[in-house]
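Scroll down for the structure; my scribbles are underneath it.
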Amino acid sequence: MDHIFFFYFAAVIATTSVLVVALRNPVYSALALLIMFFHVAGLYVTLHAEFLAAVQIVVYAGAILVLYLFVVMLLSIKSEERYHNQLPVAGLLGVMLCTEVILLLIQSRTASSAPAIPADPAVGPGNTEMIGEALYSTYLFPFEVASLILLVAMIGAIILAKKDINERVQQ
Amino acid sequence: MAVPLSYYLILSGFVFLTGVVGVLIRRNIIIILLSVELMLNATNINFVAFSEYFHNVAGQVFVFFALTVAAAEVAVGLAIIIALHRTNSSIYIDDLNLLKR
Amino acid sequence: MIYALIPFLPLFSFLIVGIGEQWIKDRAHLVAVPAMVGSFVLSLLALHDVATGQTVNVPLYTWLTSGNLDIHIGVSIDRLTAVMLILVTTVSTLVHIYTIGYMHGEPGYARFFAYIALFTFSMLMLVMADNLLQLFVFWEAVGLCSYLLIGHWYDRASACAAATKAFLVNRVGDFGFILGLFLVWYSFGSLDYATVFAQAGTLASKTTNLLGPIGGTWDVSVMTMICLLLFTGAVGKSAQVPLHVWLPDAMEGPTPISALIHAATMVTAGVFMVARLAPLYNLSPTAMTVVALVGALTMMLGATIALTQTDIKRVVAYSTMSQLGYMVMACGLGAYSAGMYHLLTHGAFKALLFLGCGSVIIALHHEQDMRHMGGLKDKLPVTYWTFLVGSLALAGFPLTAGFFSKDDLLVSSWSAGPLGQVLTICGLLTAGLTAFYSFRLVFVTFWGKSRVDPHHASHVHEPSTTMTAPLMVLAVLSVVAGYLGIPAFLEPVFHGEGAAAHHEGSAAYSIMALATLMGLTGIGAAYYLYVLNPGLPDRLAQQWRAAYELSLHKWYIDEAYDRSLVRPTLSAAQGLWKHVDVAIIDGAVNGVARAIAWGGWFIRLTQSGQTQHYALGMTLGAVVILTVYLLL
Amino acid sequence: MTFPLQDLLAILPELIVIGTACLILALDPILATDKKDILAWLTLGALAMCIGLTSAHLTGHTYAFSNLVVIDSYGAFWKLLLYVVTGLTVLLSLAYLKAERLSIGEYYGFILLALAGMMVMVSGADLLTIYLGTELMSLSLYVMAGLKRTEARSLEASAKYFVLGAFSSGVLLYGISLLFGLAGSTRLSVIAEAITTQGTANPMLSLALVLLAVGFGFKLAVVPFHMWTPDVYQGAPTSVTAFMAVASKAASFGAFLRVFVEGLGGASADWSVLFTIICVATLALGNLVAIVQTSIKRMLAYSSIAHAGYALIGVVVAAGHGGEGSSSGFASVLLYIAVYSFMTLGAFALVGMLRKEGQESENIEDYAGLAKREPLAAFFMLVFLVSLAGIPPTAGFIGKFYIFMAAVNGGMTWLAVVAVIFAAISAFYYLRIVMVMYMREPEGAAASQSRLETSPALSFVLACALAGVVFLGLFPNGLWSLASHAAPLLK
Amino acid sequence: MTSFPWLTLIVFFPLIGAVLCFLVKAESSRWVALGFTIGTFLLSLPLWWLFDPSTATMQFVERASWISSPPVNYSLGMDGISFPLVLMTTFLMPFCVTVSWTAIEKRVPLFMSMLLVMETAMVGVFVALDFVLFYVFWEAMLIPMYLLIGVWGGPNRLYAAIKFFLYTLAGSLLLLVAILALYFQGGHTFDILELSRGTYGASLQMWLFLAFFAAFAVKVPMFPFHTWLPDAHVEAPTAGSVILASVLLKMGTYGFLRFTLPMLPDATVTFTKPMIALSIIAIIYGAYMALAQTDIKKLIAYSSVSHMGFVTLGIFVLNIQGIEGAVMQMVNHGITTGGLFLCVGIIYERTHSRQIQDNTGLAGPMPRYAIFLMIFALSSLGLPGTNSFVGEFLVLAGTFLWSQFATAFAALGVILAAAYMLWLMQRVVFGTPAPAHRAHLLDLNARETATLVPLIVLVFVLGIFPNPLLTRMHASVTNLLNGQKAPAFATTPPLPPLPKAAAAMAAISPSSSEQAAAR
């Protein structure tokens with residue numbers, strides 16, 4: 001059962017990811033990505049990460065991708081008539097890398113068991129409550145840093161994208 | 001666990017490299033950013049799979065933060081794209097070649 | 001101690017005149033001449049002391065010490081030195097006086113006095129040296145003075161070239177000298193005459209393998225090596241073949257210099273050195289033979305060239321060369337005292353001849369070509385008569401000093417074995433030639449019709465007393481010097497090791513007779529050709545074209561040197577510079593720089609400005625590293 | 001869950017920086033345009049407080065926030081360096097922004113936020129914190145690079161930086177995920193333990209190493225991950241370039257060493273080989289390409305690439321050496337980066353303020369005859385360049401001295417020889433600037449000659465950089481003992 | 001031993017002047033420079049009497065810690081080898097100032113201050129007793145020299161300056177690596193004396209020798225690393241040429257004496273033959289190059305290659321005469337070639353040409369100048385009675401002990417020296433002036449005379465009384481040869497005492513001594 005779900009999700013994810021890269025129309029690419037996000041979320045569910053699955057859909061599909069589409073529409077971007085001319089080289093490299101990475105990954109070993117981390121209560125993953133608690137206790141500091149990142153992104157986006165402010169003081 | 005960990009790894013590896021190739025071959029910056037999202041999602045699959053494998057919440061927490069960062073990057077990236085489009089009226093990255101050599 | 005002043009009086013004179021040249025100007029002789037006279041007087045005192053059996057040693061200071069190399073500068077006088085002192089101071093004093101007149105009104109008047117004072121100092125220090133290095137130091141110093149004096153008229157291109165040539169040719173000789181000097185030091189651990197002579201015997205049979213460094217075998221006697229190397233220096237300084245080429249050109253200098261340096265003193269330094277180092281030469285028969293042969297060759301070469309020269313000073317110069325050949329030959333045959341004897345008398349009459357030439361030249365406003373002279377004996381009587389005395393002495397006319405010394409020389413040579421006898425015959429032949437060319441000079445210059453440039457002909461007159469007085473003194477000396485018993489005085493220096501001259505009665509007398517005969521024949525031939533049949537020489541020259549040209553062009557030796565040494569050296573220098581230094585060595589340096597810059601330029605192409613190329617680069621890097629990991 | 005007060009005290013400098021940043025962002029809209037200098041002074045005040053606070057942490061080794069943050073002498077070293085260079089950058093910016101007529105109060109906020117990111121990077125004990133710190137810094141820098149947003153080149157720099165930065169951080173993150181899979185945690189100490197127990201013959205580890213090398217290589221700007229550097233350095237506003245070239249590089253080195261020594265130290269045999277190759281390539285490329293540049297900013301960019309190569313020598317050698325000796329190797333890296341910071345900052349400060357007809361003049365040709373027009377400026381530039389070339393008695397020599405010393409001590413004399421050959425080559429392009437400044441007459445009309453736009457702030461920056469370069473060159477003892485106390489130890 | 005910090009004072013006194021040059025008016029900076037260079041010389045002068053010639057130990061030693069880890073000390077000291085060089089340096093500097101008095105018109109304060117910085121660095125090199133300190137001084141002079149050539153030099157100055165800089169830098173950076181290697185092999189110290197006491201493995205010595213060689217041979221410069229020299233010399237302003245020729249070149253040979261010989265005795269012996277071969281090639285090749293030149297400065301520059309060949313020759317024959325001769329030759333070449341460059345600078349100021357064809361017949365219009373030039377030229381060609389003869393004589397004597405054939409080849413250089421120098425004199429001093437320049441040929445003024453006369457005096461003083469200087473180096477040179485590692489240098493048998501002259505003959509050449517041994 002798990003296998004079926006996995007293979008379904010994996011197949012769709014792989015296909016849509018290729019489509020994202022291959023489709024020339026940005027809108028189609030974005031839509032392919034949207035489909036992928038949903039299936040990644042599904043994969044998360046099979047991995048008992050329900051909270052993340054929800055976040056994936058809300059943040060990625062709901063916010064990020066909409067933002068993308070918004071910009072694509074805003075700038076009325078046409079489909080690309082050609083790929084970058086380094087396609088053959090890049091493709092070759094991609095294939096090589098893919099072979100190598102997969103070769104390496106299937107030989108890999110992982111830690112035999114989860115190390116005991118005192119701060120983490122030994123609970124099953126996928127518990128939204130646990131994640132929330134971890135975020136506001138153990139991971140409070142990264143959380144604050146992440147908030148700063150968002151702050152930077154927000155203000156930075158404003159600074160970069162605002163149009164009409166005359167920054168030359170004395171002109 | 002029914003599905004071997006390596007399956008997830010191979011899936012994520014594939015998606016990751018698709019993203020890498022996307023960055024290399026697409027000229028539209030927006031698509032390049034989408035490709036980067038592919039790379040980040042591949043990473044997230046890894047984290048979640050390891051998290052499940054280890055019964056460890058840390059991986060999921062990491063994904064949460066990665067998601068946040070991705071969102072922030074998108075915001076900044078799109079702002080840059082808009083600004084670029086305003087000055088260059090192009091969002092093809094190979095048109096950016098004032099600075100070279 | 002007072003004898004230290006002999007050289008230092010001229011030195012002071014040099015310093016005062018040289019440094020104060022701007023202020024002293026025409027008053028230079030007021031300093032220089034008294035200093036010279038003082039020096040001369042002291043030399044006489046020294047001679048007296050030496051004659052009474054004392055040898056003088058005045059150590060001055062330690063010049064340098066380094067390891068076991070220990071060089072002192074000092075003054076030492078023995079009999080050999082003493083006679084040289086007399087010669088040098090006498091001639092120098094007379095030349096000083098002569099110069100007052102000769103250089104009168106010249107812009108470089110004071111400078112000239114400074115130079116000859118410096119020369120005199122150096123020459124005196126040279127003869128008074130008690131070690132080889134001091135000898136070498138002043139050997140070079142007199143060379144320097146010679147250089148400066150030849151180039152005295154610095155705006156004359158030929159004078160400058162002659163000066164450079166003189167120095168360079170001497171340098172070649174000194175190259176051998178200094179190597180010989182090192183070999184002496186290496187062999188004996190010292191350069192002092194006394195020490196070296198004392199040890200000389202131990203070295204007599206030692207040999208060294210000359211080809212050792214390149215793996216061959218060629219054993220050569222060390223003593224022969226030493227003697228030959230040192231003799232190289234003498235060859236240069238005393239204008240022996242093949243380094244004689246500088247001497248005739250040196251006549252570009254003012255004539256008093258030719259008299260002092262290039263006739264009487266400096267050029268004899270080589271002979272002096274061989275005589276001085278007799279204890280060493282005596283140990284090497286091979287070296288002696290070489291010395292004798294070189295001397296004989298020079299003697300004949302000089303004489304043959306002198307036959308056809310037309311420049312009055314050059315004739316005398318080649319004659320000097322020829323006479324130096326006599327002396328060297330004598331030394332080479334072991335007749336050191338005879339050689340030295342001839343050196344002294346030659347100093348007197350050759351200085352006389354040169355100064356006489358100077359008088360003529362001054363009288364004719366710096367005309368030196370004999371073909372523009374003639375008939376001067378009435379206008380320049382003092383010059384003529386003194387010149388005649390000098391020429392007689394040179395020709396070995398009986399009862400002149402030259403007669404005695406040349407005779408002594410030839411007789412000594414005859415007694416030096418088979419080689420000596422062959423060379424004596426050469427000497428006799430040369431004596432005939434000598435008489436011929438010296439009287440050719442006399443007849444062409446003083447006799448016959450005047451061929452003087454009409455502009456000057458009217459006011460040709462005898463120069464001032466300062467110039468004629470030295471001529472007369474020298475004329476007297478050219479005669480008197482034969483009666484002073486010089487060989488006997490010198491004999492103790494050489495411990496009688498030289499050939500026992502004067503003792504083989506019959507042979508001695510026959511040689512004396514032959515020499516006289518040769519001399520008279522020469523004079524007679526000259527008279528026949530230049531007085532009785534003035535047109536004949538030209539016809540003979542036409543008839544014997546090749547021989548004449550050979551003689552006139554000095555056996556083409558200068559040309560040969562020019563083609564074989566000078567030009568190849570210069571073109572090799574040019575070639576090396578352009579094709580090796582600039583092209584290869586510097587080219588390599590610049591090439592490296594260019595290659596680096598090219599590398600930078602090439603890599604820079606990767607920086608295309610294309611963002612995705614950059615990403616590709618990163619990916620490529622990762623792929624390469626991963627591949628390496630996979631393969632390892 | 002509440003935290004002990006000491007956790008907050010431990011990160012007090014970070015809190016001050018963040019707080020000031022927020023204050024600035026808040027104040028900016030309120031302040032009148034001509035009073036924005038206040039923001040800079042505010043920033044400097046905050047930095048001064050931080051210096052005081054961090055100096056107290058020069059000894060000791062404590063963890064905070066569930067072992068996600070470590071407060072130790074290593075972090076303190078970098079932080080102190082970062083404060084100083086940030087302070088100098090702020091002063092430089094004060095002058096630069098005025099000259100460029102840019103009035104953006106947020107600028108100082110971004111500098112402080114970037115600084116906060118850097119501080120998190122160097123004091124992170126967990127890949128998560130380090131990653132987040134990196135992102136905080138990077139995002140701030142992306143924005144800052146594009147600040148002259150009406151100018152195409154500035155935006156282009158920003159875009160390139162952003163695209164490649166996002167790409168590299170994706171790679172980095174993937175590497176982190178693999179390490180997580182390897183060790184079950186992103187904590188550096190746990191990763192180190194896992195490597196010790198599992199051994200290094202794990203393909204996943206190798207892959208992770210390579211991916212991390214790409215990620216950090218990008219931040220350090222080493223070959224072949226360097227290619228963004230010249231373009232971005234050239235296009236970004238010069239004060240930002242200075243900040244990037246100095247602070248960002250220092251922080252990246254800080255994080256890089258932290259991760260590779262404390263986390264991946266067990267695999268040092270593997271990654272030291274990897275970085276040896278990168279190091280030689282970096283030395284070669286940086287120095288060779290710098291020769292043919294015509295823009296001084298690009299030239300300095302390549303120079304900064306090359307200097308990363310020199311610093312890597314220390315890393316490689318220390319890693320190859322291991323044990324007690326590694327400490328002095330790492331110390332040489334710390335010292336080198338500190339020294340590099342002063343001279344590079346000084347050079348960029350001058351470049352930024354040298355203008356021709358109101359524009360930045362960045363062509364090397366514009367420096368022709370500078371020594372005549374601006375003797376003092378030319379002299380300052382001379383000292384910085386000489387130091388960059390590593391000629392005594394400047395700090396650049398001391399830096400190279402310790403690096404080569406480490407190399408010879410570590411038995412990698414050949415690497416030192418390679419490095420000196422490239423050091424000799426590097427002298428060429430530094431001296432070319434000297435040559436242009438001192439030995440060439442300006443071409444063209446006098447009106448178009450470039451001049452230095454001075455201000456007290458700039459003078460102070462230059463004086464500080466010069467003092468740093470000269471003082472460290474003559475009396476390196478203090479910095480060296482600081483560096484050797486702070487240097488990590490490879491177990 | 002004295003507690004008074006003489007050396008620190010001498011080293012850093014000029015630096016005060018260097019700063020002061022900028023603080024006074026541009027015109028006065030000349031006087032500042034002159035004052036400080038003369039002051040430095042006066043400060044160094046007492047050392048002549050304070051120096052104790054009987055000991056080989058370092059004198060006037062000062063020591064303070066500079067860098068604590070690794071232990072780098074600020075330690076200075078002086079022995080019989082560095083002593084003459086320091087005095088020569090301080091002696092020459094005032095003339096560099098005076099000759100630049102009117103020749104340098106632009107950026108005078110910078111020029112003067114660079115001269116003073118150079119002085120600090122140069123003296124520092126000669127008195128440093130710590131290898132790193134030495135290196136710091138060694139490198140520190142590159143930038144001022146670079147500026148001297150590049151700012152005030154001739155038309156091709158940019159190329160020459162950068163070539164000089166890179167060439168010497170490349171060599172000396174290898175030296176730095178060698179210094180560090182020595183540190184780890186030599187007991188973790190940079191102290192020169194301690195390093196000299198250490199013993200090192202054969203292969204290490206070889207490598208270190210090559211690294212040292214890279215630095216020193218470029219500086220000397222030895223064939224074939226000499227091509228920077230003609231360019232640098234020709235393009236540099238007069239003072240720069242003087243400093244280059246007189247002092248900078250000596251630092252290379254000083255390096256050989258101070259470091260290579262004592263620290264790497266085995267490698268030195270191993271490399272003796274190639275080093276001597278290179279030296280002799282340099283002597284003859286440099287002379288040939290000089291023969292081909294039409295530019296006076298270039299000619300003198302190439303003559304320096306030839307003369308420095310004598311120095312390296314003397315050093316590597318490894319006997320007392322050779323090394324003392326080398327040190328003498330270093331001093332002499334400094335004075336003589338310095339004087340020649342000063343002379344060229346003076347004439348260049350008048351005719352603005354360094355070509356021989358533009359500067360002919362100077363004896364007529366400029367008699368005093370002609371005499372001075374002639375004296376320097378004669379000294380340069382090694383005329384006895386002048387200083388150069390002493391050095392060359394001793395070097396050749398030393399070489400003779402090593403190999404007679406080598407001596408013969410080296411002595412060829414003396415002939416060639418006479419050839420190019422006299423030919424130069426023939427063309428420049430003698431003859432008639434070029435009409436175009438006739439009007440500019442004014443004889444030396446008081447300042448120029450004052451610049452040259454002291455050098456002339458020294459030419460003769462050292463030529464006639466070399467012993468006071470030689471005695472001051474005996475102890476140090478002997479110590480260098482018979483130091484703790486004497487056996488390494490035993491290749492040249494010391495000359496036997498006189499009574500054994502016969503035995504000496506057995507050793508007259510290597511082969512015959514072998515034969516003697518075989519018998």
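No hydrogens, no waters, no symmetry mates; every other heavy atom, side chains included, goes into these values. Just so it is clear: chains get the letters A, B, ... in the order the sequence lines come, proteins before strands, and each one is counted from 1. Every value quoted in this text rests on a predicted model; they were computed, and no experiment measured them.
Among D/Glu14, D/Met144, D/Glu106, the residue making the largest number of heavy-atom pairs under 4.5 Å with chain A is D/Glu106.
Here the straight-line distance linking atom CG of D/Leu8 with atom CG of A/Leu140 works out to 8.5 Å at 0.5 Å rounding. Note that CG of A/Leu160 and CG of D/Leu155 are 7.0 Å apart. Values are rounded to the nearest 0.5 Å. Residue D/Cys22 holds its SG atom at 8.0 Å from CD1 of A/Ile155, rounded to the nearest 0.5 Å.
Neither the backbone nor the side chain of D/Tyr107 comes within less than 4.5 Å of any heavy atom in chain A. In this structure, chain A has no heavy atom under 4.5 Å from any part of D/Leu205.
By the side-chain hydrogen bond (donor to acceptor under 3.5 Å, both in side chains) test, A/Glu100 is found to be paired with C/Thr627, residues two or more places apart in sequence or in another chain being considered. Residues satisfying the side-chain hydrogen bond (donor to acceptor under 3.5 Å, both in side chains) criterion with A/Asn85, sequence neighbours excluded, are absent altogether. Partners of A/Tyr44 by side-chain hydrogen bond (donor to acceptor under 3.5 Å, both in side chains), not counting sequence neighbours: none found.
Screening D/Leu178, D/Leu211, D/Leu207 for a side chain to side chain contact (heavy atoms under 4.5 Å, CB included) involving A/Val101 leaves a single residue, D/Leu207.
Heavy-atom proximity under 4.5 angstrom to chain A picks out D/Leu128, D/Thr129, D/Leu132, D/Gly133, D/Glu135, D/Leu136, D/Leu139 from residues 126-139 of chain D.
Summarising the geometry of A/Ser137 relative to D/Ser66, their closest heavy-atom pair is O-OG, 4.3 Å, with the distance given to 0.1 Å.
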